[in-house]
Amino acid sequence: MNAIKETNFNFENQTAFYRGKVRDVYTIADTYLAMVASDRISAFDVVLPRPIPYKGQVLNQIAAKFLKATADIIPNWVVSVPDPSVTIGQMCEPFKVEMVIRGYLSGHAWREYAAGKREVCGESLPEGLRENDKLPEPIITPTTKAAVGHDEDISRADILKKGIVSEEDYVQLERYTKALFQRGTEIAAQRGLILVDTKYEFGKKDGKIVLIDEIHTPDSSRYFYADGYQERQENGEAQKQLSKEFVRKWLIDNGFQGKDGQVVPEMTDEIIASISERYIELYEHIVGEKFVYPDQENVLERVERNVTKALKELNY
């Protein structure tokens with residue numbers, strides 16, 4: 001199948017290249033970034049051996065739509081989306097924290113709570129909550145961005161004490177994070193979904209704070225189906241999730257959690273096709289539109305052609 005496992009382009013005025021877990025990032029004239037959303041998929045900090053067709057397009061197009069839908073709240077890094085799998089944007093100086101915001105007690109925050117903690121990243125949590133309960137108010141639980149290894153929880157007080165972000169900037173980041181989460185929550189509700197938690201990354205360009213990276217995608221966010229949420233909570237049942245949790249579940253069921261000595265289970269064509277279908281389903285639920293399959297041409301040639309054309313149109 002026509003999937004993007006990796007790219008090795010050499011664009012005019014290219015000054016750097018970085019291959020992340022799932023994205024290939026080209027720096028152009030130290031001014032722009034051309035970010036290719038590959039079809040690689042990672043789980044448990046491991047890149048799985050086979051790519052998932054259309055996964056990169058799904059994430060890139062969800063992010064593009066949400067960045068457009070929030071541009072009235074905060075300026076963002078995007079200059080153009082010249083290809084279904086590529087975003088070109090301005091190079092910004094990123095803040096060294098990720099702003100995680102949670103409206104519900106799920107995932108990492110629930111695990112901390114279940115272990116007896118009643119404070120996460122300096123935010124107090126009331127007694128008597130159950131997994132996936134709605135929190136009295138959304139809480140911001142920032143993490144430091146680790147160059148290597150896992151991101152670490154950090155409190156607002158520690159961010160300011162260590163001088164990671166100035167107080168003036170941090171107050172603005174909090175304001176933006178809450179406003180973006182509110183907008184994401186409203187859009188999700190229109191689609192019959194609950195935006196449970198998500199993360200935002202910010203940078204600075206010419207002294208102004210800018211929203212960078214992808215937002216509200218199933219890789220950076222957790223969604224529940226709204227229909228039946230209350231009933232499932234009252235019955236102590238697991239919530240129906242719209243995220244890449246199903247990939248993790250398949251790996252766990254097949255004896256893989258990224259631990260030493262464990263081997264990734266065989267990814268058959270059937271498994272690949274089913275994961276691809278689930279990503280397309282995520283797209284259609286979150287965006288509320290039918291997924292448009294690209295023309296069946298050589299995908300790498302298409303990406304290179306579209307990016308080359310878009311870069312030529314930029315004035316730099």
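Throughout, residue positions are numbered sequentially from 1 according to the sequence presented.
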Side-chain donor-acceptor distances from residues 251-260 under 3.5 Å, at least two apart:
unit_1, atom_1, unit_2, atom_2, d
D253, OD2, K249, NZ, 2.9
N254, ND2, W250, O, 2.7

Within 6.0 Å of NZ in K134, more than 12 heavy atoms from elsewhere: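 Check fails, neighbour count at 12 or below.
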Without swapping roles, check the side chain of [X] against the backbone of [Y] for a donor-acceptor pair under 3.5 Å.
X	Y	value
R40	K5	yes
N2	E297	yes
D133	R130	yes

Pairwise side-chain hydrogen bond (donor to acceptor under 3.5 Å, both in side chains) hits with a residue in residues 55-72, at least two apart: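 For residues 55-72, and leaving out neighbouring residues, the side-chain hydrogen bond (donor to acceptor under 3.5 Å, both in side chains) pairs sorted by first residue read Q57-Q61, N60-T87, K65-E289, D72-R183.
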Which residues share a salt bridge (charged side-chain N to carboxylate O under 4.0 Å, His left out) with E112, sequence neighbours left out: K117
Contacts of type salt bridge (charged side-chain N to carboxylate O under 4.0 Å, His left out), residue D169, not counting sequence neighbours: K204
Hydrophobic cluster of Y229, others only, ordered by chain and residue number, side-chain cut-off 4.5 Å: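 Its cluster partners, ordered by chain and number, are Y104, I194, V196, F224.
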Residues clustered with Y113, ILVMFWY side-chain links under 4.5 angstrom: L105, W110, V120, L125, L129, L135, I139
Ring geometry between Y200 and F202 (parallel below 30°, tilted from 30 to 60°, perpendicular above 60°):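 F202 and Y200: tilted rings.
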side-chain contact (heavy atoms from CB on, under 4.5 Å) between F291 and V58, intermediate numbers included: CA-CA 8 Å; F291 181 77; V58 163; 3.7 Å; yes
Distance-only polar pair, side chains of Q239 and E131, donor-acceptor under 3.5 Å: no
Distance-only donor-acceptor check, side chains T15 and D30, under 3.5 Å: yes
